[in-house]
Each structure stands twice: as C-alpha cells, then as structure tokens.
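Okay, structure first, notes after.
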Number of protein chains: 2
Amino acid sequence: MTHYERVEKVRLLVVDDDPPIADLVATVARYEGWDAITANSGEEALRRAADFRPDIVVLDLMLPDVDGFGVLDRLRRSGTMVPVVFLTARDGVADRVAGLTRGGDDYLVKPFAVEELMARLRTVLRRSAGPAFQRSVLRVGDLMMDEDTREVRRGDKLLTLTPTEYEVLRYLMRKSPTVLTKAQILDHVWEYGFGGRSNVVELVVSRLRRKLDATGEPLIHTVRGFGYVVRQAAE
Amino acid sequence: MTHYERVEKVRLLVVDDDPPIADLVATVARYEGWDAITANSGEEALRRAADFRPDIVVLDLMLPDVDGFGVLDRLRRSGTMVPVVFLTARDGVADRVAGLTRGGDDYLVKPFAVEELMARLRTVLRRSAGPAFQRSVLRVGDLMMDEDTREVRRGDKLLTLTPTEYEVLRYLMRKSPTVLTKAQILDHVWEYGFGGRSNVVELVVSRLRRKLDATGEPLIHTVRGFGYVVRQAAE
DNA sequence: CGGGACCTGTCGAAATCCTGTCGTACAACT
DNA sequence: AGTTGTACGACAGGATTTCGACAGGTCCCG
C-alpha cells in the first residue's frame, strides 16, 4: 500500500570499471533527461548509491574489488530495493546471472546496443514503479508500435519486422520528429564497437520502407546529407 | 517519476534466512504489483508482521532463532489468521506433513520455481478471501486453462499436458499477449538454480505446439530472435 | 522389489530466416 | 553534365529455430 510521488528525473547509477563504458551509458541517459552518475568500483558504487538514492542501477558484474553480486547483496542488505540491470561478458557468468532476472531485474550481454539497454531500463522502471503495469505504445501518424507485444501496425496492417528493423524503427519513432544521422542510428542501435563502415543503416531503412511505406504516404523521410526522420507530413 | 494513485495491494511478508531467496520472492511479488517486505529471522518476522499486517506470509521452516512453526504459533497467538505458505528443504519429508497439520495453508519444496510459488500464493489468497471462492480460469482465444482443475482445453478438445508443459503454458497465457524471451520463461518456470544453457524452452514449446496447435490456427507464435507469445493471430 | 510407462533434458542435423557486403542504378544538388 | 549521396537487388555466411532420437530419472502398479 505504497504511495508513489512524482519525481522530476529518473536517477541512474552506472557501475562499470571501464570508464568509457560507464560514461557512454551515463551520457545517453542524460540525453534522455535522466540524472546519471557513474562509479568504477564496487566500493565507490555503494558509497555513491547511499547519497544519490538511484531509481535504477546498471551494474557490471566484473568489478575490481567487490564483484557485482557482492554489490547487489550489500545494496539489498542496506534496505534498498532498487531495480538492477546487469552487464556481463558474453561468456560464462551469464548463467549465474540468469537467476537474478527472475526477480524482474534484467541483464544484458556486452557488447550491447545502447538503445537496447535504455529500452530495458525503461521497462524495468515501468514495471517496478507502478502497481498497474501499463503498456508502452509509440505512435507516429497511423504507425503504431507496442513494445510489450512487439506488434507494429500501419493502419490495420500488421507488419512483421526482424529484430534489427524493429530496433531501428523504435529508435526513429521514439525520437520522432527529430532527424537522426546515420551515425547516430548506427551508434545507438548497433552494439558499441561495431566496425561497420558500411551502409547498413541505409539498407535497413530501405527494408523498413518496403514494409511500412508500402501502404499510404511515406513516413520515413530522407534528409539528404544528414539522415532520416519518421514523421507524418514532410512539410 | 510518475504519479500513481493509492491502491490496495496485497501485502506479502517473506521470511527466509537466506537474503537472496527472500529477495527473489519479494521482487517477483512486487513486479506483480504487490507490496512485499522481507525478514531474515523469526524475531524479525514477528516484529515486522506486527506493523506491516501482511495479507499472506511465506515462511521458511529453517530459521536461525525461532523456527518456522514457532513463528506461526506466535503469529496465531497474537490473533492473526493470516495465511501462511511454508518453504522447506527438499529432504525434510517429515516437515511436509507436520507443516500442513500445524496450520500452514500450503508448502513448497526448495528449490522452487517462482511462477509456481506465485500461483500457490494466489490460490491461497483466493481461498482465504472469502467463501465466495471463484475459479481462476485463463483464456486466450478458444484456449482455456482452469487453474483449479488443471484442465486445459482447445475448443472442446481436452488436452493432456505434462507438468512442465502446463507451467510453461500457464506463464505464457498469464502474460499474454506480451512476448516473453526464452530467458524469462526459463527463469520463471524452472527452479531457481537451474543451470540450463540449453534449449529446453524451445523443446517444451515444440511439444506444446504439437498438442494444442494441432487443432485450428496456431496460438503459440515465435518472435524470431526474441521469444514466444500466446495470442490469437492478429489478422 | 521389478517392470514399465512416462517425463525431461541433451544432442545434433536440417530448414529457415537474418544480416552485412558489394555493386550498380538512380537522384539530388551545383 | 559532373559530383556526391542514396536506394536497393543479389548473395553468402551466420544465426536461430524446429524437432527427431535417445538416455537417465521418477513414479506407479503388480
């Protein structure tokens, strides 16, 4: 029987011993309007968590001092129930983490795509914050994306998107009507460290267009020399 | 974050001397929209129960100080009729009998699967809620699952499911039309501590399909690269 | 106890689908 | 027209999914 208050910004604590990674996440979160701070060790994480009282934590499992599990344990012991999203290396540890997601927390394998991390953070927040679990639906014109059912519709027409197409479209819709450069799309939707000097983005956009601009007026617009937007009337 | 109304939520007290386990249960319950607190010893449990006035209690039988039965006795003596679900170790066969004869409402053997625990808690709550005991039936299209009789039907056809199949299907139906990842299914339906990096989920889904998608249109859908959903084909 | 039926998870192989690279045709701007 | 940026067909390597076959376990019944 809790009462939740209105809070201005989501507070995020990012814990990763690799500063570039921690910063990357924090930066993206700030850009989303969140309050984000970083910690590069377990001790620091616990210290900063105490003052900062984050709403959510991103926690790398491989830390120099206390490891991720230890941090979680001590966080919990200190009475906080903050939801946590774990980061793990591609191999081994993933198994051990698995058990943790049961609670509703989540985890991602490195290297991850920034947008995917943000999407999971939003999901975890949404679920842990509210008693009534409300759907998350994005709309642009008659284009609709339901993030729970992963259903995408243009009008009544149900579209079947591949994972990559889905992610690119979600990013475009979420930022609509902002124009995004191909580099931004690449940086957010593909795993960090993706070597692609190629034209993947153009490719995926092309495939997307075929699927959703087949019916009705185009919603994905090219801004020559810059990037793409999803929006209704292109002036 | 967001503003939520004050809502009557189920209040759950989880008593287990192993913090990760207590935490696991509490977290899952919260994600179901419940209010959950934990206690790691008998004394603490009694203390917290007094303020918190839980609607239901999950009680490990092996506690450091007072044991589970002691806690139950003292709870009862203090006048509360709150329903209790016991947790016991796998070997304690004697515990089971004793547990039920000594006033517990149900029990579960460790390690358990979180979905099963939640299902039992819901059942106990439903029963204790009042004499007006209504059945719990899940429906998706012409697929029906009666959680009391464990009857599953597709149309008129009665299906015979194995325990694992039943649990997987229940989880899918309960969350329908949300798409669930294989990891989520594994984490919720299998016992915590199950190391399976295998393809059991795919296997069980395959077996389920043979049984319930034999008749009529498919209800279990694959979302490639993501997971599975149960829902009626959206045109 | 012993036999048998059933349940579960592992393995592997085949089928299917997804993705990024290349290359060329096309479009837009000067 | 020249130059630069964009669209997208085609292809091959990979990744994912499906499911048959099998073996260890469990439980029940005689």
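Letters go in sequence order (proteins before strands), and every chain restarts at 1.
- Whole-Å rounding puts the A:Leu186 CG to D:dT6 P distance at 14 Å.
- What separates CD of A:Glu191 from C1' of C:dC18 is a distance of 14 Å, to the nearest Å.
- The residues B:Asp148 and B:Arg126 are annotated as salt-bridged, a charged nitrogen and a carboxylate oxygen being separated by less than 4.0 angstrom.
- As rounded to whole Å, 10 Å separates atom P of C:dT21 from atom CH2 of A:Trp190.
- For the side-chain hydrogen bond (donor to acceptor under 3.5 Å, both in side chains) criterion with A:Arg170, the lone passing option out of A:Glu115, A:Glu147, A:Glu116 is A:Glu147.
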Before you tell me yes or no, could you show the steps for B:Phe69 and B:Phe86 under ring-ring contact (aromatic ring centres under 6.0 Å, His included), namely the whole-Å CA-CA distance, both residues' side-chain angles and the distance that decides it to 0.1 Å? CA-CA 9 Å; B:Phe69 297 122; B:Phe86 286 121; 5.7 Å; yes

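- A straight line from CD of A:Glu165 to P of C:dG20 spans 11 Å, rounded to a whole angstrom.
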Expected string for nucleotides 10-24 of chain D under the B/S/- scheme (protein heavy atoms, under 4.0 Å, primed atoms plus P, OP1, OP2 as sugar-phosphate) is B-----BSBBB----

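- Along DNA chain C, the nucleotide nearest to A:Thr162 and the one nearest to B:Thr164 differ in position, and the one closer to the 5' end is contacted by B:Thr164.
- The backbone N or O of A:Val137 lies less than 3.5 Å from no partner atom in the side chain of A:Asp146, so there is not a single donor-acceptor pair.
- Taking atom NE2 of A:His221 as the reference point, atom C1' of D:dG5 lies 19 Å away to the nearest angstrom.
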Test side-chain hydrogen bond (donor to acceptor under 3.5 Å, both in side chains) on A:Thr160 and B:Arg224 and set out the steps. CA-CA 10 Å; A:Thr160 313; B:Arg224 195 165 224 270; over 6 Å; no

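- Between A:Arg153 and A:Asp142 there is no salt bridge, since none of the side-chain N atoms of the basic residue sits less than 4.0 Å from a carboxylate O of the acidic one.
- For the pair A:Leu161 CG and C:dC17 C1', the interatomic distance rounds to 14 Å; values are reported in whole Å.
- In this structure, A:Leu208 places its CG atom 13 Å from P of C:dG20, rounding to the nearest Å.
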